[in-house]
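As the structure lists them, so they are numbered: ligands from 1, and atoms in each ligand from 1.
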Amino acid sequence: MIIEPVIKGNVAKNCHPLGLKAALQKQIDHVKNAPTIHGAKKALVIGASSGYGIASRIALAFGGRADTIGVSFEKGPNDKGLGTAGWYNNIYFREAAEAEGLLAKNFVGDAFSDAMRQEVIDHIRTAFGGKIDLLVYSLASGVRTAPDGTTYRSTLGVSGKPLTGSSFDLEAQVLGEQTLQPVTAEQQRETIKVMGGEDWQLWIDQLQAAGVLAKGFKTVAYSYIGPQSTYPLYKDGSLGAAKEHLHHTADVLDTQLRALDGEAYVSVCKALVTKASAFIPIFPLYITLLYRVMKSKNMHETCIEQAHRLMFSRLYPALGAVVTDADRLIRIDDWELRADVQDEVEALRAQITPDNFKEVGDFSGYLEEFHALNGFGLTNVDYSAEVSLEQLLQLKP
Ligand code: NAI
């Protein structure tokens, strides 16, 4: 079969497995050409199959020779479809890591469940050397079923008044307006249940109780704060409240892990094109403006540059302790938040019209990264070549 990209709204409906392999290799090559990370040797990545999670796993494995376990929720191919991009990322990551003599185990299923935690613990004990020295928490989900069986759904919403802003649709490629409604107290509570720190805490509690955390163990979860212009949309909205809970959880875990000389952190990352961020109304337009400015200053980073910088210069710096700000947050959003960058972003924003938004912002760069997430648009892939479903069906996580 020949596979062409299909986008509905801001969601990719298919992926190109061979393109995904090439995109993964590009990230591996980046890390191999970057300075060596002297960090974790046994890492568990929750949310390992795409975006920040796969980039972290690649940085740790190919930049620091870490054995890794990845947990993700992905779908394989069947007679109705090709499955999800993350499915193939997991497989091609494992193949590449094993080819270099590294352990790489994929668990595909629900990271929010106790059953998954137990499977991972059993694997660490029986096949992974007994202990891990890093847990990266990189989940992005709209729904969580907690261990007591209650299902919570997150809501993208604001606090106070409705927020209307310019927003584009990748499918139609037109700029329109979108309005985010204020969330109710119940919606806010559920969003915190899904995207806050409760599940991260459960992972650490159960791994610690099982005795599989090494002395000096570290854990890091990913967050976003953004510039003031996006506060109404993100930081002051429902997602921001969930992230605040995550930040608080890091402090609780940091205290809890002292018994092991362990540490827990939140890393505040840069706004980037991922499956999750494309879904947030209004936000992608900001990303196109940010990309335009950061590229012009030679400061553009994608997930892999961010993940490498985090591991190399913040979490495992050559000399001394983990690098944080005064609030104990690791900041790799520092370049995004520079005053000169944000001033230029706002100057561009003032010029935006429905006719020029593709030229004023880096719309083509956005689209290119979005396609690459799904394996399309890679220069070294022959997209006219037949892809065999039979062969894809034989690939196992
Ligand atoms: P993504 O959508 O690319 O990755 C999400 C990961 O979570 C995938 O591996 C997916 O399989 C996994 N997942 C979702 N539900 C699951 C479940 N029930 N069980 C197991 N795995 C599950 O998202 P992205 O953007 O990489 O987000 C990761 C983290 O980074 C999030 O906490 C996000 O808030 C944060 N972040 C993202 C930024 C961005 O601009 N994309 C900026 C700053 C932080």
Which residue owns the protein heavy atom closest to [atom], what's the atom, and how far is it?
atom                    : value
atom 9 (O) of ligand 1  : S49 OG, 2.6 Å
atom 15 (N) of ligand 1 : S141 CB, 3.6 Å
atom 30 (O) of ligand 1 : Y222 CB, 3.5 Å
atom 19 (N) of ligand 1 : A111 N, 2.8 Å
atom 40 (O) of ligand 1 : L272 N, 2.9 Å
atom 26 (O) of ligand 1 : Y52 N, 2.8 Å
atom 22 (C) of ligand 1 : L139 CD2, 3.3 Å
atom 4 (O) of ligand 1  : S50 OG, 3.2 Å

Which ligand 1 atoms are under 4.0 Å away from a heavy-atom of [X]?
X    : answer
A48  : 9 (O)
A276 : 2 (O), 23 (O), 25 (O)
S223 : 43 (C), 44 (C)
G51  : 3 (O), 26 (O)
F112 : 18 (N)
Y224 : 42 (C), 43 (C)
E74  : 10 (C), 11 (O)
K275 : 2 (O)

Give a yes/no verdict on whether any heavy atom in [X] is under 4.0 Å from an atom of ligand 1.
X    : answer
K270 : yes
R144 : no
A55  : no
A271 : yes

Looking only at the side chains, is there a donor atom on one of [X] and [Y] sitting less than 3.5 Å from an acceptor on the other?
X    : Y    : result
D205 : Q201 : yes
W200 : T219 : yes
T150 : D148 : yes
E336 : Y224 : yes
Q188 : T191 : no
T164 : T179 : yes
S50  : N89  : no
Q206 : D114 : yes
S56  : Y222 : yes
T145 : T151 : yes

Closest to [atom] (judged by heavy-atom distance), picking from [options]:
atom                    : options                : answer
atom 41 (N) of ligand 1 : I287, D110, I280, T274 : T274
atom 14 (C) of ligand 1 : G226, G86, A140, A307  : A140
atom 20 (C) of ligand 1 : G109, A85, G47         : G109
atom 34 (O) of ligand 1 : M195, Q306, K243       : K243
atom 6 (C) of ligand 1  : A242, S72, S138, C303  : S138

Check: F73 N/O within less than 3.5 Å of ligand 1 N/O: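 So ligand 1 has an N or O lying under 3.5 Å from an N or O of F73.
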
Distance-only N or O hit between ligand 1 and V71, under 3.5 Å: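 Min N/O separation from ligand 1 is not below 3.5 Å for V71.
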
Pairs meeting criterion ring pair (Phe, Tyr, Trp, His ring centres under 6.0 Å) with involvement of residues 84-105, two or more places apart: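 Only F62-F93 qualify under ring pair (Phe, Tyr, Trp, His ring centres under 6.0 Å).
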
In a table with atom names and distances, give each donor-acceptor pair under 3.5 Å that connects a side chain of residues 119-126 to protein atoms at least two apart or in another chain.
unit_1	atom_1	unit_2	atom_2	d
D122	OD1	Q118	NE2	3.0
R125	NH2	A210	O	3.0
T126	OG1	D122	O	2.8

Salt bridge (Lys or Arg N to Asp or Glu O under 4.0 Å) partner of E263, the single match among K215, R328, K218: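 Of the listed residues K215, R328, K218, the salt bridge (Lys or Arg N to Asp or Glu O under 4.0 Å) partner of E263 is K218.
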
Carboxylate-amine/guanidinium proximity below 4.0 Å for E186 and R189: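 A salt bridge is present here (some side-chain N lies under 4.0 Å from a carboxylate O).
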
Test: K295 cationic atom under 6.0 Å from Y291 six-membered ring centre, within 45° of axis: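 Not flagged: K295 not positioned over aromatic ring of Y291.
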
Check: Y366 ring centre within less than 6.0 Å of F168 ring centre: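 Between Y366 and F168, the centre distance is under 6.0 Å.
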
